[in-house]
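Below, read A as the first sequence line, B as the second, and so on, with proteins coming before strands; counting in each chain starts at 1.
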Amino acid sequence: MQDAHSTDTSPGRTPTGASRQVPESPSQPVPEALQALTLDAAAADVPVPRPARAKRQVQEALQAPQVPPARPRNSRASTTGEVAGVRITSARRIIDVESGTRKLDLVRYYARVAPWLLPHLRDRPVALLRAPQGLGGERVFQRHLTRMAIPGVTLHDELDGGHPLIGIDSLDALIHVAQMDGIELHTWSARAANVDLPDRVVFDLDPDPALGWERVIEAAQLTRTLLGDLGLEAFCQTSGNKGLHIVVPLVPGPGWDDTKAFARAVAQRLASGWPTQFTAIQNADHRKKKIYVDYLRNVRGAGTAAAYSVRARPGLGVCVPIAWDELAQTTGGAHWTLANIDVRLKQLNRPKRAAPWARFTEVRQTVSSELTLRLEEGGA
DNA sequence: GAGGAGT
DNA sequence: ACTCCTCAACGCCAT
DNA sequence: ATGGCG
């Protein structure tokens, strides 16, 4: 996920005040609707909207260039849908231009995937990455529900300095979140009832885009082997983006500091053992041609995109848990997207087939400062 | 996206 | 009734 | 102290 207020290619920003300028010419050809819109705004003495608003108008213009101007009042119903008993506004709004996905497609996905997704959300604080103006617009990361309630959503008060954390424990809550353009769902690595004792360690393997996918598969297997040597069973999911997540379930016990220290030791061991393959340093220049092992998800208040969460990036990748023996057949971190995820869900529905993470809730293991020390001192 | 203030 | 404005995170690490 | 990062 990115910073909450990323301003990418913003069309025709106008300085506050009287003088306004024609938008710089974009590198891509500008659709006619957009040209007309910006030209009109510049020519007539019309107040020029703020960038976010401009994007919204542009998007609307692109989607429905031929909407009759005199639409009868109250006929917004044409773009209002219903999913699982929840009113979905702007249902036909396109949220991802690349795939042509509409808001209603997103909401319906979350309704369909709920049986698999909800167990990963249940009882955990959840943070949302919302994109009310679509993937091209402003993205909002939301950890608390202070101002506004979302129907069905559970509130965990006083777990985070008195700011109510978000809990999604029902289909109803999930669909209301999707109605609010909640696209990514990030869960804490601890249960709300035991929020100071993490119950998993997560390693986010984030490759330099230049690297081939085989390198990422190899890196994941190295990580699995290292953890296995420490007596820890690990699980793998596609990140829906470029890389993979390695997840190690824990019996709660060690606190956040010990858990983070362990995760850091693992990341640094990978980086020192295979220096051409891994880095544990976040800065961009250290990452060239490497796979960044992001161990900093293992901090109180941080989160990781949940299994079956959509990612708010063009193409709308999905996080998908897989079995280790499936890894070699994957083609990338975004192997599954909103466009092809149904194939996977159908597989999961086959009664005889073992769930890829069947053992996840059965594993009984934990970490300790002793184990971390052993790792740091170079022991096996 | 939603709520509140302002017109 | 409508438009406009505002709001919706945070901790860690490298430098 | 600041900036970038996720």
Side-chain angles (χ1 to χ4, degrees), chain A residues 1-6 16 46-57 59-60 73-74 76 79-80 86-91 93 95 103 106-107 125-134 137-151 153 155 159-166 175-189 202-208 239-243 245 256-257 259-261 263-264 267-268 271 279-287 292-306 309 311-313 319 333:
Chain A
M1 119 210 51
Q2 291 307 103
D3 56 317
H5 297 272
S6 63
T16 328
V46 172
V48 175
R50 296 158 42 210
R53 173 168 298 276
K55 280 182 220 162
R56 194 182 318 148
Q57 292 189 355
Q59 198 169 49
E60 282 162 8
R73 318 204 271 187
N74 295 343
R76 280 183 177 251
T79 63
T80 298
V86 178
R87 268 279 185 260
I88 305 303
T89 58
S90 307
R93 210 187 82 233
I95 60 172
K103 182 183 175 188
L106 174 79
V107 181
V126 178
L128 316 173
L129 184 60
R130 300 169 52 200
Q133 284 92 41
E138 209 175 7
R139 296 140 57 100
V140 177
F141 194 83
Q142 185 164 8
R143 308 176 67 219
H144 306 122
L145 270 187
T146 28
R147 272 175 104 68
M148 180 185 16
I150 299 179
V153 161
L155 295 185
L159 264 46
D160 197 33
H163 304 297
L165 293 170
I166 298 166
I175 300 308
H176 274 102
V177 164
Q179 153 62 15
M180 306 282 267
D181 290 300
I183 298 185
E184 287 189 17
L185 309 174
H186 293 237
T187 47
W188 287 34
S189 287
V202 179
F203 300 95
D204 180 359
L205 303 186
D206 190 7
D208 182 297
S239 70
N241 191 10
K242 290 179 323 185
H245 297 160
W256 288 107
D257 288 349
T259 307
K260 183 182 76 178
R264 181 179 56 225
Q268 290 176 344
T279 178
I281 299 174
Q282 194 174 46
N283 300 52
D285 28 326
H286 289 91
R287 292 210 211 173
Y292 168 53
V293 186
D294 181 5
Y295 65 91
L296 285 170
R297 309 297 84 233
N298 304 287
V299 159
R300 194 190 198 275
T304 305
S309 172
R311 305 310 299 270
R313 303 223 170 219
C319 277

Can you check the distance between B:dG4 and C:dA8, where both ends of the measurement are the C1' atom (answer in whole Å)? 15 Å
Between atom [atom1] in [X] and atom [atom2] in [N], what is the gap in whole Å?
X	N	atom1	atom2	answer
A:L128	C:dC10	CG	P	14 Å
A:Q179	B:dA2	CD	C1'	10 Å
A:Y292	D:dC5	OH	C1'	7 Å
A:Q133	B:dA2	CD	C1'	12 Å
A:D181	C:dC7	CG	P	20 Å
A:F141	C:dC10	CZ	C1'	9 Å
A:D160	C:dG11	CG	P	8 Å
A:R300	C:dG11	CZ	C1'	12 Å

Counting only side-chain heavy atoms from C-beta out, which of B:dA2, C:dC10, C:dA8 sits nearest to A:M148? B:dA2
Measuring from the side chain of A:M180 (C-beta onward, heavy atoms only), which nucleotide among C:dA9, B:dA2, D:dC5 has the closest atom? B:dA2
Side-chain (A:K260) to main-chain (A:L296) donor-acceptor, under 3.5 angstrom: no
Any non-hydrogen side-chain atom of A:L165 less than 4.5 Å from a side-chain atom of A:H144? yes
Under-4.0 Å side-chain N/O to phosphate OP1/OP2 contact, A:R143 with D:dG6: no
Just N and O in the side chain of A:H186: are any of them under 4.0 Å from OP1 or OP2 of C:dA9? no
Restricting to non-hydrogen atoms, name the atom on A:H245 and the atom on A:S239 that form the minimum distance, rounded to 0.1 Å. NE2-CB, 3.6 Å
Where is the tightest heavy-atom contact between A:P164 and A:T146, given as atom of each residue plus distance? CD-CG2, 3.7 Å
I'd like a table of atom pairs between the protein and nucleotides 12-15 of chain C - only N or O on both sides, under 3.5 Å - with the distance next to each one.
{"residue": "C:dA14", "atom": "O4'", "partner": "A:N283", "partner atom": "OD1", "Å": "3.4"}

Would you call the rings of A:F141 and A:H186 parallel, tilted or perpendicular, taking 30° and 60° as the class edges? perpendicular
Inter-residue atom distance A:K103.NZ - A:I183.CD1, 0.5 Å rounding: 10.0 Å
Does atom CG of A:D257 have more than 12 heavy-atom neighbours, drawn from other residues, nucleotides or ligands, at distances under 6.0 Å? no
At 4.0 Å (heavy atoms only), tell me whether A:T89 reaches a base, stays on the sugar-phosphate, or touches nothing. sugar-phosphate
